[in-house]
Number of protein chains: 2
Amino acid sequence: MSWQTSPFDWNQARAFLTTAEAGSMSAAARSLGLTQPTLSRQVAALEEALGVVLFDRVGRSLAITPTGIELLDQFRTMGEAAASIALAASGQSQAIEGQVCITASDALAAYFLPPILMCLKDLAPGIEIEVLASNDIRDLRRREADIAIRHARPDQPELIAKLVRTSSAHFYAATSYLDRHGRPETAADLADATFVGFAPVERLIAGLNSCGLALTRAQFKVVTDNGVVAGELIRQGFGIGVMPKEFAVLLPGLEPVLPDLVALPVPFWLTTHRELLTSRRIRVVYDLLAEAFS
Amino acid sequence: MSWQTSPFDWNQARAFLTTAEAGSMSAAARSLGLTQPTLSRQVAALEEALGVVLFDRVGRSLAITPTGIELLDQFRTMGEAAASIALAASGQSQAIEGQVCITASDALAAYFLPPILMCLKDLAPGIEIEVLASNDIRDLRRREADIAIRHARPDQPELIAKLVRTSSAHFYAATSYLDRHGRPETAADLADATFVGFAPVERLIAGLNSCGLALTRAQFKVVTDNGVVAGELIRQGFGIGVMPKEFAVLLPGLEPVLPDLVALPVPFWLTTHRELLTSRRIRVVYDLLAEAFS
DNA sequence: GCCAGCTCATGCGTTTTTGTATAACGCAAA
DNA sequence: TTTGCGTTATACAAAAACGCATGAGCTGGC
């Protein structure tokens with residue numbers, strides 16, 4: 001499959017086409033933003049590459065040869081395709097419409113995104129959003145999504161990542177639970193409390209205990225990998241759970257538990273791929289998300 | 001009329017197209033005879049120029065973006081046009097058919113060319129010859145003719161000229177004339193002879209007298225600018241005339257007159273324009289003419 | 001007829017592009 | 001896991017292209 005696409009320099013083709021349409025190399029050079037000697041050499045090189053004479057140099061203005069006329073149509077086709085590409089590309093990069101796929105954790109997708117997307121709907125009606133609610137680390141480079149909201153910096157350096165917020169997670173519990181089991185006032189009061197865990201639970205326990213606690217795996221009567229499920233368990237009084245304060249304020253009937261004792265750092269990273277640099281529609285969504293989180 | 005033909009480098013378009021069809025930049029580089037870094041840079045430059053992302057660099061093989069797919073068709077059109085140009089140009093430069101225009105003096109055209117053209121007809125049946133019988137100096141650069149046969153080296157250095165024969169012109173007369181007026185044996189015998197002149201006659205007389213003669217304008221009872229007319233006048237016994245020996249042998253009934261006394265140099269120059277370098281059909285005719293004269 | 005203005009071609013210094021070598025990385029097989 | 005072969009991106013030297021200046025030639029107007 002090593003078929004040569006074409007045995008000549010395509011820029012030389014452009015040089016010939018422009019010269020033929022402009023009527024002179026000088027005019028073509030002005031049109032292309034090059035100098036006349038450059039055009040002259042490019043046309044000469046094309047003639048040599050193709051093995052034909054395209055222009056006769058006769059004093060002042062040059063005359064296209066019958067051979068040149070014969071080929072001109074195809075050069076025009078090339079030129080029209082090029083112009084069409086430029087036009088389409090300009091449209092592609094400017095249009096604020098099309099699909100944008102956002103991936104986020106289920107909790108983020110369920111509680112945070114809706115109002116932002118409502119706002120986006122008014123801001124850019126042409127954009128269609130797809131939300132991939134998943135705690136998996138989706139690979140942006142494979143275009144499984146255009147934008148990801150994560151709580152860790154992506155390890156792929158070619159991705160564009162922005163730390164849009166640094167929050168903290170604390171203990172929360174439902175008022176009904178606290179009414180039944182009492183409101184803990186020291187770390188020791190947590191020793192016989194019931195907890196709602198979030199997978200991977202070992203890392204969660206390690207993080208909490210590094211804050212000065214001594215929790216055991218047995219205290220986590222339920223563990224889920226789904227943030228919405230965990231939130232509902234907490235809200236309905238199953239036990240005490242850890243969640244970023246941004247989520248807690250959205251769930252009615254929750255009270256903070258020992259808020260000064262436990263504070264796990266929760267960074268919010270907005271991540272996208274290189275196309276952000278040029279795609280108008282992705283940038284619109286990205287900028288809106290960045291503003292909404294900051 | 002300073003409309004940009006296209007805002008991007010056409011070679012970069014070729015780089016993208018080849019990459020998209022080859023599946024990887026390395027393969028495209030091999031196909032185009034370039035190196036992989038060059039291809040990589042060209043594609044990157046095209047992306048920047050167009051303001052779109054065409055490929056996602058994902059580890060091993062790269063993936064074309066939806067934007068790239070959108071534009072690919074037009075790039076293909078460009079590529080097909082380029083291939084078509086290459087094909088057509090190759091045909092143009094190789095085909096031994098089409099028109100070839102030869103300009104020569106009327107005498108050359110009338111007496112010399114016919115047998116050569118007969119030969120050419122068998123050699124290359126596809127070629128159509130146009131003969132411009134004229135003593136004017138036709139401008140090859142203006143394509144009034146493709147090949148010129150002249151008796152002087154062209155003064156335009158961009159033309160290709162070949163000295164195919166150096167002959168000499170002598171006095172000739174018809175047997176009927178010599179029978180009536182006697183056969184001159186010395187220069188003095190020419191003092192009262194009648195001559196047939198060829199325009200410009202002053203230059204002719206000057207040339208002859210530099211050979212040791214003393215001819216006067218009055219002895220040229222007839223002057224013509226047409227070689228065939230002059231030849232016929234001589235052949236039919238009007239008087240003595242000067243002609244290259246190649247012509248004399250073609251005219252029956254002519255005898256040389258003082259052949260050792262007068263010998264004007266007559267070079268035969270075969271001249272053509274630049275297209276000889278590439279046009280197969282012109283070269284065929286040119287080579288045949290060169291061989292015929294040598 | 002001669003001069004002004006335009007054209008294209010050529011020589012030389014500089015900028016840009018290209019190629020070579022290398023590193024980083026991902027996937028597949030041992 | 002580790003090795004090997006493939007990919008793409010980067011650093012620096014070499015080569016090619018470019019722009020400037022200049023020369024030569026034709027055209028049209030004074």
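In what follows, chains are A, B, ... by sequence order, proteins preceding strands, each numbered from 1. What you see is a predicted model, and the numbers here were worked out from it, not measured in a lab.
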Integer-rounded Å distance: C/dC8 C1' and A/L54 CG: 16 Å
Please report, to 0.1 Å, the donor-acceptor pairs under 3.5 Å made by any side chain of residues 69-78 of chain A, with sequence neighbours excluded.
unit_1 : atom_1 : unit_2 : atom_2 : d
A/Q74  : OE1    : B/S84  : OG     : 3.4
A/R76  : NE     : A/E21  : OE2    : 2.9
A/T77  : OG1    : A/D73  : O      : 3.1

Spacing of A/M25 atom CE relative to D/dG19 atom P, expressed in whole Å: 15 Å
Between D/dC20 (P) and A/L39 (CG): distance, integer Å: 14 Å
Integer-rounded Å distance: D/dC18 P and A/R30 CZ: 18 Å
Atom-pair distance (CD on A/Q36; P on D/dT22), nearest Å: 15 Å
Check residues 37-51 of chain A and write down every donor-acceptor pair under 3.5 Å in which the side-chain atom is one partner and the other belongs to a residue at least two apart or another chain.
unit_1 : atom_1 : unit_2 : atom_2 : d
A/T38  : OG1    : A/T35  : OG1    : 3.0
A/E47  : OE1    : A/R57  : NH1    : 3.0
A/E47  : OE1    : A/R57  : NH2    : 3.3
A/E47  : OE1    : B/R274 : NH2    : 3.3
A/E47  : OE2    : A/L54  : N      : 2.7
A/E47  : OE2    : A/F55  : N      : 3.0
A/E47  : OE2    : A/R57  : NH1    : 3.1

Test item: A/V164 and A/L289 side chains (from C-beta on) under 4.5 Å apart, heavy atoms: no
Toward the 5' end of DNA chain D, by each residue's nearest nucleotide, A/L34 or B/S26: B/S26
Atom-to-atom span, CG of B/N11 to C1' of D/dA16 - whole angstrom: 13 Å
From CA spacing to verdict: side chain to side chain donor-acceptor pair (under 3.5 Å), B/D146, B/H273: CA-CA 7 Å; B/D146 295 315; B/H273 46 65; 3.1 Å; yes
Integer-rounded Å distance: D/dC18 C1' and A/Q12 CD: 14 Å
Side chain B/H151, main chain B/V266, donor-acceptor under 3.5 Å: no
Distance below 4.0 Å between B/S40 side-chain N/O and D/dT8 OP1 or OP2: no
Contact under 4.0 Å: A/T35 side-chain N or O vs D/dG19 OP1/OP2: yes
Contacting residues from residues 41-49 of chain A, given that a heavy atom lies under 4.0 angstrom of DNA chain D: A/R41, A/Q42
Side chain of A/P37 - closest among C/dT10, D/dT10, C/dC8: C/dT10
Parallel, tilted or perpendicular, as decided by the 30° and 60° cut-offs, for the rings of A/F293 and A/F268: tilted
Expected output: side-chain A/N11 to main-chain B/W10 donor-acceptor under 3.5 Å: yes
